[in-house]
Amino acid sequence: MNIESLLQEKISAGAELLFGYKPEITQLQLQQTRKEFEGDLTLVVFPFVRFSKKSPEETAVQLGNYLVEQVPEVEKFNVVKGFLNLTIGTSYWIALLQEAFRNENYGLKPVTDASELVMVEYSSPNTNKPLHLGHIRNNLLGYSLCRILEANGKKVVKTNIVNDRGIHICKSMYAWQQWGEGKTPQSTGIKGDHLVGDFYVMFDQQYKKEIAGLVAQGMTPEEAENQAPSILAARELLRKWEAHDEETVGLWKMMNGWVYEGFDQTYKELGVDFDKIYYESETYLLGKEEVLRGLEAGIFYRREDGSVWADLTAEGLDQKVLLRSDGTSVYMTQDIGTAKMRFDDYPISKMVYVVGNEQNYHFQVLAILLDKLGYEWGKGLYHFSYGMVELPSGKMKSREGTVVDADDLMVEMEEVARKMGEELGKLQGLSEEEAARTYKMIAHGALKYFILKVDPRKNMMFNPEESIDFNGNTGPFIQYTHARIQSVLRKAAESGLEISGAIPPALQLETKEKELLKTISLFPAVVEEAGNAYSPAVMANYCYELVKEYNQFYHDHSILGETNADQRNFRLALSVSVVNILKHGMGMLGIELPERM
RNA sequence: GCCUCGGUAGCUCAGUUGGAUAGAGCAACUGCCUUCUAAGCAGUAGGUCAUGGGUUCGAAUCCCGUCCGGGGUACCA
């Protein structure tokens, strides 16, 4: 049992004994003591005053005395106003360090056969253009979330649904037919997804030109948008595709193939992967039977024109169309079918969708509809909703070319990392290959940490000139600290030092040592919180706190230069524990740690 | 209009199950490398936590109003 729960129980019992009132364990506020005060854990006693009928100070003193008597771990206490500051004895902290040092998986919950299986959908790209910074946020959040869930003892199926069909794909296809001159990724040397994206942009330019021309001839903008020759041609391609026209399907397959090759490269570079990939071309007809079943059961209703609707006004929402008057499906219909298929495919207990917050309404409705259709898991669908990435120039738009391309960004960052590294001259002993690997690690660390440290729900600002930093609250700062520790550990090994878990329980601890140890002690709770809150940001900010704490300790105290062997061993064990935690914590963010930098 | 999310230092962000004097980083200024990696450490300066009320012993945090911003509200996906 950890110290917090132990204290909560004792405090509850103590309050009953002293004041005749037994508070609920959950309503006891036990928090980390602020650094400017003496103590480790603090109990806010104001809530007890009502029952103790004494001043806050007196109440705190009574409780403090009780705890010192009853709980061996509580060494002493002090009272400031209504705050009872408890000092936990050194032996407790030493034991905690031993656990963090000896247990590779300190703070993690084991995944077993009995673990809950969760499916996480993320990425979900369209196959008509390359990935940009917005997709990067999605991919990093999705991947990180999976790692965090695993750390919390869940089994995870990472899945991706590729939006590989529809009018947007046909636009690129039409443009390639018109102006492609048979170009391929091989013939041009252009990455497949970029090549296809270029044709998508080409289409849009032509389309706009045609609209302008038609409007000049007197059409309304809406008429022009619907009657421009290029959009008619794209629609015709979509019709042929749906009719399984051989030539059209062949073209579609070829161009999608190019895109997949490109995506695979980008995913690999980003370090994300999937266990199962769904394709919209194979799922877009699903869901219709479900809707018809709901119609028969009276859950949905049909309008005069034949369209099928759900009435959600009782839930405070609107009417939602589920089948068009011509009987065809809409997005929502598909998602109903896809969700059902997934629960049929896998014994999952939960489905998480990593999708931008512009879809909040959609997923709210989806959960309600599935619940109405009688699926007990319907209400349990979780929309992991995240905000968009904004640029100083405003929103990113693929068609207008105002995007930060994922591939370009990673290359640029690597160059910056290399330039910086070479200036500092830290990697001189390494081979070119090793150095390149390290620069890549640093560049990716900077990007991933930058994206993941902010609260996923919020929109975030990305300024290409200023955002990517390698100092301060950044990924490289954490990576650097890791490399620094590894350097110390290497030197320790060179001089034949064995690091041992046998640490005298009465060892005198320096302030910085204890602060660091306290931060280490928080890791299990942080893992849990990140899992409960679905928040990589919680983990990212913790890792930063931890290395900040370590650097202060490192600055103030020599490790290898310490002459007291127990003290030196203790400091080495601290260092090893920090490495352990960083490996897992940063691993949950998909960030690798270099041995030197 | 309605729904929803947000507004914290010049900038980018933490802190929000109510707790002590609101924290980091960047940018600016000042110190610290003959000693384990200075991508570090220490310090100075920078705040009416959008705003007005309310609840409370106590509010950045909870409630109500107002202002500003994002998103949604299609027989698009």
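Computed from heavy atoms alone, side chains included, the values below leave out hydrogens, waters and symmetry copies. Letters A, B, ... mirror the listed sequences (proteins, then strands); counts begin at 1.
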Exercise. If you check the A:Lys491 side chain, which of B:C36, B:A20, B:C41 turns out closest?
Worked result: B:C36
Exercise. In whole Å, what is the span from the CG atom of A:Asp556 to the C1' atom of B:C32?
Worked result: 12 Å
Problem set entry | CZ/A:Arg457: more than 12 non-hydrogen atoms of other groups inside 6.0 Å | no
For this session: Establish, with yes or no, whether the OP1 or OP2 oxygen of B:A39 is under 4.0 angstrom from a side-chain nitrogen or oxygen of A:Tyr480.
Result: yes
Exercise. Could you state the CE-P distance from A:Met332 to B:C76, rounded to the nearest angstrom?
Worked result: 13 Å
For this session: Whole angstrom is fine here: how far is it from CZ in A:Phe48 over to P in B:G19?
Result: 16 Å
Exercise. Is A:Asp326 touching bases, backbone alone, or none of the nucleic acid, heavy atoms closer than 4.0 Å?
Worked result: nothing
For this session: Give A:Lys458 one of three labels, base, sugar-phosphate or nothing, depending on what nucleic acid heavy atoms sit under 4.0 Å from its own.
Result: base
Exercise. Has the side chain of A:Thr474 got a donor or acceptor atom sitting under 3.5 Å from an opposite partner on the base of B:A39?
Worked result: no
Exercise. For B:C76, does OP1 or OP2 lie under 4.0 Å from any side-chain N or O of A:Arg324?
Worked result: yes
Exercise. Can you check the A:Phe553 CZ to B:U37 P distance for me, whole Å?
Worked result: 14 Å
Exercise. Using a cut-off of 4.0 Å on non-hydrogen atoms, how would the nucleic acid contact of A:Met460 be classed: base, sugar-phosphate, or nothing?
Worked result: sugar-phosphate
Problem set entry | Parallel, tilted or perpendicular, as decided by the 30° and 60° cut-offs, for the rings of A:Phe51 and A:Tyr21 | parallel
Exercise. Between the side chains of A:Ser172 and A:Asn128, does any donor sit under 3.5 Å from an acceptor?
Worked result: no
Exercise. Once Watson-Crick and G-U wobble pairs under 3.5 Å are found, how is RNA chain B written in dot-bracket notation, 5' to 3', with | for any base paired to another strand?
Worked result: (((((((..((((.....[...)))).(((((.......))))).....(((((..]....))))))))))))....
For this session: Tell me whether the centres of the aromatic rings in A:Phe37 and A:Phe83 are closer together than 6.0 Å.
Result: no
Exercise. Under 4.0 Å: is that the gap between some side-chain N or O of A:Arg50 and OP1 or OP2 of B:C57?
Worked result: no
Problem set entry | Donor-acceptor pair, side chain of A:Arg571 and main chain of A:Ser558, under 3.5 angstrom | yes
For this session: Answer with base, sugar-phosphate or nothing: what part of the nucleic acid does A:Asn532 contact at a heavy-atom distance below 4.0 Å?
Result: nothing
Seminar exercise, completed: A:Leu322 atom CG is separated from B:A77 atom P, nearest whole Å, by 12 Å
Exercise. Would you say A:Lys81 reaches B:U21's phosphate, i.e. side-chain N/O to OP1/OP2 under 4.0 Å?
Worked result: yes
Exercise. C1' atom, B:A22 versus B:A59: distance in rounded Å?
Worked result: 12 Å
Problem set entry | Phosphate-side-chain proximity, A:Arg34 and B:A20, N/O vs OP1/OP2 below 4.0 Å | yes
Problem set entry | B:A42 phosphate, OP1 or OP2, under 4.0 Å from A:Gln552 side-chain N/O | yes
Exercise. Are A:Arg484 and B:A38 close enough that a side-chain N or O sits under 4.0 Å from OP1 or OP2?
Worked result: yes
For this session: Please state the C1' separation for the pair B:A24 and B:G40 - nearest whole angstrom.
Result: 16 Å
Problem set entry | B:A38 base / A:Asn551 side chain donor-acceptor hit below 3.5 Å | no
Exercise. What is the nucleic acid contact for A:Phe462, judged by heavy atoms within less than 4.0 Å: base, sugar-phosphate only, or nothing?
Worked result: nothing
Problem set entry | P spacing across the pair B:G65 / B:G46, given as an integer number of angstrom | 37 Å
Exercise. What does A:His557 touch in the nucleic acid at a heavy-atom separation under 4.0 angstrom: a base, only the sugar-phosphate, or nothing?
Worked result: base
Problem set entry | Whole angstrom value for the distance that separates P of B:G72 from NE2 of A:His383 | 12 Å
Exercise. Out of B:C41, B:C13, B:A39, which has the shortest distance to the side chain of A:Met461?
Worked result: B:C13
For this session: May I ask you to evaluate whether A:Asn541 reaches the phosphate of B:C13, defined as a side-chain N or O under 4.0 Å from OP1 or OP2?
Result: no
For this session: Give a yes or no on whether the ring-centroid distance for A:Tyr284 and A:Trp241 is below 6.0 angstrom.
Result: yes
Exercise. So which of A:Lys512, A:Lys35, A:Lys514, A:Lys518 actually passes salt bridge (charged side-chain N to carboxylate O under 4.0 Å, His left out) with A:Glu549?
Worked result: A:Lys35
Exercise. What distance, rounded to whole Å, do you find between the two P atoms, one in B:G71 and one in B:C29?
Worked result: 38 Å
For this session: Report the distance from atom CG of A:Leu452 to atom C1' of B:A14, rounded to the nearest whole Å.
Result: 15 Å
Problem set entry | Gap between atoms OH and C1', on A:Tyr331 and B:A74 respectively (whole Å) | 15 Å
For this session: Quick one: label A:Tyr361 by what it contacts on the DNA or RNA (base, sugar-phosphate, nothing), any heavy atom closer than 4.0 Å.
Result: sugar-phosphate
Exercise. When rounded to the nearest Å, what value does the distance between C1' atoms of B:A20 and B:G58 take?
Worked result: 10 Å
Exercise. If the C1' atom of B:A60 is compared with that of B:A27, how far apart are they to the nearest Å?
Worked result: 25 Å
For this session: Could you classify B:C33 for me, syn or anti, using a glycosidic angle within 90° of 0 as syn?
Result: syn
Exercise. What interatomic distance, in whole Å, is found between P of B:G25 and the corresponding atom of B:C63?
Worked result: 32 Å
Problem set entry | B:A14 to B:U8 separation - P atoms, rounded to the nearest Å | 11 Å
For this session: Return no unless some side-chain N or O of A:Lys548 is found under 4.0 Å from OP1 or OP2 of B:G25.
Result: yes
Exercise. At under 4.0 Å between heavy atoms, what does A:Thr42 touch on the DNA or RNA strands: base, sugar-phosphate, or nothing?
Worked result: base
For this session: Answer with yes or no whether the side chains of A:Ser307 and A:Arg303 bring together a donor and an acceptor at under 3.5 Å.
Result: no
Exercise. Does A:Phe450 have its ring centroid less than 6.0 Å away from the ring centroid of A:Phe462?
Worked result: yes
For this session: Flag the pair A:Glu415 and A:Lys419 as a salt bridge only when some basic side-chain nitrogen lies within less than 4.0 angstrom of an acidic carboxylate oxygen.
Result: no
